[in-house]
Every structure is written in structure tokens, then in C-alpha cells.
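See structure below.
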Amino acid sequence: MKDHLTDLLFNAVKQLTDELDQNQIVIERPKLIEHGDFSTNIALVLSKILKKTPRDIAQLILDKLPETTHFDKIEIAGAGFLNFFLSPFSHQAIINQVIEEKDNYGGNKKGKSRKVQIEFVSANPTGPLHVGHGRGAAIGDSIARLFEFSGWSVTREFYYNDAGAQIDNLMHSVKAHCLNIKPDHKDFPENGYRGSYIADIAKDYLAKTSIQCAGHKIQASGDINDEDSIRIFSIAYLRNEQDKDLEAFQTTFNVYTLESDLYKNHQVDFVVNTLIKEGHTYEKDGALWLRTTDFGDDKDRVMKKSDGDFTYFVPDVAYHLDKWTRGFIKVINEQGADHHSTISRVRAGLQGLNKNIPKDWPEYVLHQMITVMKNGAEVKISKRAGSYVTLKDLIDEVGCDATRYFLAARRADSQLIFDIDLAKSQSNDNPVYYIQYAHARIEGVLNQWKGDRNKLWIDTMPSFETQAEKKLIKRISEFPEVVILATDELAPHQITNFLKDCAADLHSYYNDSKFLVDDELTKITRLALIYATQCVIKNGLALLGITAPKKM
RNA sequence: CUGCCCGUAGCUCAAUCGGAUAGAGCACCAGCCUUCUAAGCUGGGGGUUACAGGUUCGAUUCCUGUCGGGCAGGCCA
């Protein structure tokens with residue numbers, strides 16, 4: 001419909017001037033129903049070129065537009081906007097289309113089955129997942145669902161930093177507990193983790209428990225001096241915990257990549273050697289440096305420390321080379337904003353490999369930090385201090401659906417305040433229930449009708465008269481465009497906003513009109529409309545990983 | 001000090017890559033259930049979009065500066 005309108009306008013404008021190409025024609029969806037179903041500002045854009053007032057130009061374009069069955073009315077409004085109002089013929093077509101496509105309505109094939117990889121959460125296995133990881137999970141998983149709905153072949157991936165100094169830290173913390181050295185003791189590792197979960201790990205380790213992790217059984221030796229065993233057991237323990245939390249959050253992954261494997265398979269060595277060979281490195285102060293300034297960084301970075309270890313971003317580069325080698329032309333990394341400095345380093349490292357990797361590859365979505373409030377005070381999240389608001393706590397207290405909604409409903413790049421008490425007290429009138437309620441209400445009506453909803457279809461020209469009906473039809477017709485927008489912008493919150501509006505339109509309609517009326521034609525028409533709405537809400541909620549209940 | 005993100009109703013957040021009268025929810029006020037789910041609807045109050053300039057038909061959006069918040073700038077991850 002939008003494309004059709006663009007064609008019509010382009011052909012009309014061509015008769016006035018040839019100084020305009022097709023992609024300059026912008027079709028918008030007006031906010032107010034009084035402004036129609038579509039509108040264009042083309043006359044305002046042309047006023048400078050044609051040296052006429054926008055309203056005069058709008059009239060000229062209007063005169064050149066051919067007759068069409070799609071629109072009832074086209075009018076000039078405001079400063080010179082052209083507003084288009086859909087005809088009953090179009091209303092019928094839209095509703096029937098939704099009913100026909102059902103679960104697929106709103107999706108598209110723009111991805112053409114191309115591969116996209118989305119990495120998110122990627123928490124270090126040094127503690128339970130907290131609210132910040134939850135935000136990453138909600139946003140990352142929803143982006144993945146959006147890409148699937150847009151016809152991409154999606155791989156969801158989780159990267160474990162299971163090597164490096166923080167893991168040693170973890171091991172020493174657990175070991176201290178095994179030796180009965182508590183966090184407040186002077187011999188407890190200075191940078192150790194002080195959360196109570198460390199004691200749990202130590203207890204299970206001493207009890208020689210076995211843990212299921214990534215399909216393998218990891219058995220604790222119970223030997224206090226066996227640091228490797230403590231390390232492996234601790235990682236397995238925490239990975240297992242994280243997996244359970246993510247499962248409860250309706251989030252799954254296809255691939256888990258371990259940092260330690262990048263060392264084992266010599267991928268890190270390969271990256272370092274290639275960078276040396278390509279002449280992007282130098283030695284200084286006993287360390288090996290990468291000249292990232294060649295690629296836009298403001299400072300060169302150390303790759304290999306004077307003690308022989310690599311800095312964290314070197315395996316990151318190796319990991320991304322691996323992604324590239326696996327054929328992912330499109331890669332999206334969802335991370336916390338505290339990682340923003342790694343972007344330039346990873347990209348610089350990849351450029352230095354001279355493998356024709358695009359400069360802006362991979363793409364990043366960075367979510368800002370969450371401020372957690374509890375009992376009117378800010379909770380500082382610190383793994384080392386052991387203060388926590390875990391994802392599990394949230395799911396238990398607020399519920400999976402509401403938590404996912406809340407965390408996905410805001411732009412990633414705005415800081416947000418999560419008030420635990422407020423979330424709990426409002427759990428009953430949380431916006432997500434408002435949307436789910438609309439879905440359940442429709443289900444109730446359809447059940448009482450007792451007809452076969454799969455045979456719902458409008459085959460005579462419908463007469464939708466009320467504002468409520470027109471608004472609702474316009475809304476559901478916008479869904480495919482919202483999906484495209486949300487996917488292009490990597491912004492799931494567009495879906496939550498849309499659903500809230502869609503539910504509001506439905507509730508208004510519900511209070512405005514009765515559906516199960518005596519007149520058969522009116523009844524079928526109205527039921528078809530709300531059934532179509534139910535499909536849209538269901539599909540939208542699915543993009544957010546939120547359930548669509550039939551009863552509430 | 002430098003770079004990135006942000007600043008919108010009392011509070012939490014939107015605003016279709018520059019559009020029409022800046023919108024929702026919570027909170028507050030007044031109405032609506034003998035009829036399909038009142039977890040709902042209808043109406044009302046509440047704004048100099050941090051501030052000052054600039055660009056143009058038109059700015060919450062783009063540019064410059066100031067103020068305020070967050071995150072980075074470790075041979076930590």
C-alpha cells in the first residue's frame with residue numbers, strides 16, 4: 001500500500017518537476033486519525049524548487065493523481081500536507097490479509113535467509129546474572145526475534161570469558177572459603193568476590209558434588225589444593241546457574257563460545273602473529289602494543305602485557321575473526337555501555353588483519369546502566385562487594401513477562417531507573433497486563449460467539465463508521481511497518497509502544513461497540529476486525545518473548 | 001582534563017531518522033458495569049522539551065557553546 005502510494009505520488013510529481021527522485025518521497029503515518037491513514041509532506045519540500053506556496057503545489061499534485069479504489073478521500077491540510085483516507089475496500093483488504101497470514105502477519109522476507117549473528121548477555125562466569133544482564137537478555141533476544149520475523153537466519157550466541165584474571169580471582173575466592181577464610185578475614189583475596197554464592201560453591205566443591213554443564217558432567221574433586229579442579233568446578237557451577245536463570249527468562253542460545261577455546265585452538269596466536277606481520281605493532285616498556293591510532297582510536301593499546309599475558313581485547317579480536325570466518329556478514333553485539341571503549345579496539349584489530357572486513361563491522365547495541373532502587377535507596381551492584389539484585393529475584397518477584405516487558409520497553413541508550421518496590425506494587429497494572437488483557441478479552445468474545453474463527457472473512461464491502469474502528473484498522477495496518485522500523489533500528493521498544501497503542505485502540509473499541517449483535521453481516525465484520533487485532537497482538541508479544549494468555 | 005551516551009508533565013518513559021495541537025502509564029479530580037472480562041472506558045488539571053544562540057517554510061530531533069547526570073579513558077574485564 002505504501003509502495004503503491006509512493007508510485008502514485010511520484011508519477012504525479014514527475015509532471016511538475018524532474019528534480020526529485022523517488023526516495024525523496026516520504027510517506028508518513030499521521031498520529032491523529034483526523035489526518036488520515038497516510039500523509040506526505042511532498043508539497044512542502046517542493047515549495048522551494050517550484051517557488052510556489054505548499055498549498056498550491058499540493059493542489060497541483062492532487063489534480064494529477066489518478067482515480068483509485070484504495071482511498072475515499074484525499075485532502076490538503078495544515079501547511080500543505082496531503083492526507084489520504086483509506087476506503088472501505090482497503091479496510092476489507094487489510095483485515096482479510098491479517099486473518100489470512102495470521103502468525104506470519106507483520107513479518108517480511110527482507111532478510112532473504114541471510115545469516116545474522118547476535119551476541120548478547122555474555123556474562124562472565126563469576127557470579128549470578130543481575131538486572132543489567134536482564135536488560136541485555138530482553139533486548140538481545142527481542143532483536144533476534146525481530147530478525148527471524150524479517151526473514152533472516154539467526155544465530156544467538158553467548159561468549160564466556162572463562163580465561164584471564166577474573167577467573168583466577170573467582171578460583172581464589174572459592175578456595176579461601178574452602179579453607180574457611182571468610183570475606184571479612186584479612187587473608188581473603190583483596191580483589192576476591194564476596195557474594196554469598198561463593199560460599200555455596202565452596203560447600204558443594206568440598207562435598208564432591210557433580211554439575212551438569214553444556215552436556216558434560218563436571219565432578220568436584222574436593223581437593224583444596226587442586227586449583228584447576230576448583231576453577232573448572234566453579235565455572236561449571238556458575239554457568240549452570242546462569243543457564244537456569246536464562247531459561248526462566250525464556251531466553252535461549254544456539255552457540256556458546258569459550259574464550260579458553262580461542263587460546264586452545266591458537267586463534268589468539270594467529271591474530272597476534274598476523275598483526276605483527278602486517279606491521280601494526282611495536283614493542284615498548286617490555287610490552288607489545290597495537291597501533292590502534294591508525295584506525296581511529298585516540299590512543300594505542302597494549303596487546304601483550306610485560307608479564308606475557310594478553311589483554312582482554314586480543315581474544316575479542318580473535319573471536320570476531322572467528323565470527324567473520326563463519327560467514328556472518330551481519331553481526332550485532334548487545335552489551336552494556338561500560339564496554340563502549342572496546343568497540344574501537346576490536347574494530348581496529350580486525351582492520352589490522354587486512355581481511356577486507358568492513359570498518360563498521362560488527363554493529364553494536366549498547367544499553368545504558370540501570371539504577372536499581374529498593375526501599376527508596378539506590379542499590380549499588382557490585383560483584384566484588386556481593387551486593388546484588390539478581391535476574392532470578394526479579395523473575396520471582398515481578399514475573400517473567402512483566403520483567404521482559406519493562407526491560408525491553410525503553411530505548412537502549414537511555415539510563416533507566418528500576419524501582420523494585422514500584423515494579424512489585426504495580427505488577428497488577430503493569431502495561432504488559434494491559435496488552436495481555438486485550439488479547440484475553442478478544443478470546444472471550446470469540447469463544448462466546450461459538451463460530452469457527454478460522455472461517456472468519458469479510459466478503460462484502462464493510463461499513464466501518466466509528467472513529468474507534470478506523471483507528472483500530474489503521475493501527476493493525478501499521479504493524480508490518482513498525483516491525484521493519486524496529487528491526488532496522490535494532491529497537492524492540494518500538495514494538496512495546498505499538499502494542500500499548502494497539503491495546504488502547506482495542507479497549508476503546510470494546511467499550512464503544514458491541515460485537516455479538518443480531519445483524520449477521522455486522523457481527524461477522526466486527527468479529528473479523530477484533531480477530532485480526534488479536535493476531536497482531538499475539539505476533540507482537542511473541543517478538544518480545546511474552547505470552548499471550550487466553551484467559552486472565 | 002579528553003571521548004561516547006543522556007537531560008522531555010510531580011514520578012517512570014515515548015515521540016515514525018526535521019513535520020501538523022510534544023504523547024502514554026503511575027499519581028490527582030469527575031463520571032461509566034441487570035448487556036461480549038471494570039486488569040477496562042470517557043472527560044479534566046499538569047510542559048518555555050536543562051539553558052543560550054544558530055540553520056529553515058517548520059527544531060524535542062541537526063550545528064555551536066554553557067550547566068547537570070552516567071560510562072569509559074588501567075600492562076583490570
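Source: prediction; values computed, not measured. Scope of the values below: all heavy atoms of this structure, side chains included, with no hydrogens, waters or symmetry mates.
- Applying side-chain contact (heavy atoms from CB on, under 4.5 Å) to A/Leu288 and the options A/Val302, A/Ile276, A/Leu275 leaves one that passes, A/Ile276.
- Counting non-hydrogen atoms under 4.0 angstrom, A/Phe418 reaches nothing in the nucleic acid.
- With sequence neighbours left out, A/Phe464 forms a ring pair (Phe, Tyr, Trp, His ring centres under 6.0 Å) with no residue at all.
- Contact between the side-chain N/O atoms of A/Arg441 and the OP1/OP2 oxygens of B/A39 is not found at any separation under 4.0 Å.
- Classified by its glycosidic torsion, B/C32 falls in the anti category, the angle being over 90° from 0.
- No donor-acceptor contact under 3.5 Å links the side chain of A/Thr311 to the base of B/A77.
- Residue pairs meeting the salt bridge (charged side-chain N to carboxylate O under 4.0 Å, His left out) criterion with at least one partner in residues 494-503 of chain A, sequence neighbours excluded, are A/Arg475-A/Asp501.
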Side-chain polar contacts of residues 340-347 of chain A - donor-acceptor pairs under 3.5 angstrom, sequence neighbours left out - could you list them?
unit_1	atom_1	unit_2	atom_2	d
A/Thr342	OG1	A/His339	O	2.9
A/Ser344	OG	A/Ser341	O	3.4
A/Arg345	NH1	A/Tyr312	OH	2.8
A/Arg347	NE	A/Pro362	O	3.3
A/Arg347	NH2	A/Asp360	O	3.4
A/Arg347	NH2	A/Pro362	O	2.7

- Note on the structure: The contact string for nucleotides 66-74 of chain B, one letter per nucleotide 5' to 3', using protein heavy atoms under 4.0 Å with B, S and - for base, sugar-phosphate only and none, comes out as ---BSBSSS
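- Residue A/Ser513 is in base contact, counting any heavy-atom pair closer than 4.0 Å across all strands shown.
- Legend: residues meeting ring pair (Phe, Tyr, Trp, His ring centres under 6.0 Å) with A/Tyr263, ordered by chain and number and at least two apart, are absent.
- With sequence neighbours excluded, no residue satisfies side chain to side chain donor-acceptor pair (under 3.5 Å) with A/Lys470.
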- Convert the base pairs of RNA chain B into dot-bracket notation, remembering that pairs crossing earlier ones are written with [ ] and that bases paired across to another strand are shown as |; include only Watson-Crick or G-U pairs under 3.5 Å. (((((((..((((.....[...)))).(((((.......))))).....(((((..]....))))))))))))....
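- Contacts of A/Ser173 classified as side chain to side chain donor-acceptor pair (under 3.5 Å), with partners at least two apart in sequence or in another chain: none.
- Applying the ring pair (Phe, Tyr, Trp, His ring centres under 6.0 Å) test to pairs two or more places apart or on separate chains, those with a residue in residues 470-496 of chain A are A/Phe479-A/Phe498.
- Atom CG of A/Asn83 is separated from atom P of B/U21 by 13 Å (rounded to the nearest Å).
- Among residues two or more places apart in sequence or in another chain, the salt bridge (Lys or Arg N to Asp or Glu O under 4.0 Å) test is passed with A/Asp261 by A/Lys264.
- Using a 4.0 Å heavy-atom cutoff across all strands shown, A/Lys52 reaches no nucleic acid atom at all.
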Anything under 3.5 Å between a protein N or O and an N or O of nucleotides 54-63 of chain B, put it in a table, one pair a line.
unit_1	atom_1	unit_2	atom_2	d
B/C57	OP1	A/Lys48	NZ	3.3

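- Within the structure, every side-chain polar atom (N or O) of A/Ser414 is placed at least 4.0 Å from both OP1 and OP2 of B/G7.
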Can you give each donor-acceptor pair under 3.5 Å made by side-chain atoms of residues 29-37 of chain A, sequence neighbours left out, with the distance rounded to 0.1 Å?
unit_1	atom_1	unit_2	atom_2	d
A/Arg29	NE	A/Glu481	OE1	2.9
A/Arg29	NE	A/Glu481	OE2	3.4
A/Arg29	NH1	A/Asp37	O	3.0
A/Arg29	NH2	A/Ser477	O	3.4
A/Arg29	NH2	A/Ser477	OG	3.2
A/Arg29	NH2	A/Glu481	OE2	3.0
A/Asp37	OD2	A/Leu86	N	2.8

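- Among the heavy atoms of the strands lying under 4.0 Å from A/Ser39 is at least one base atom, whether or not backbone atoms are also near.
- Within a 6.0 Å radius of NZ in A/Lys52, other residues, nucleotides and ligands contribute 12 heavy atoms or fewer.
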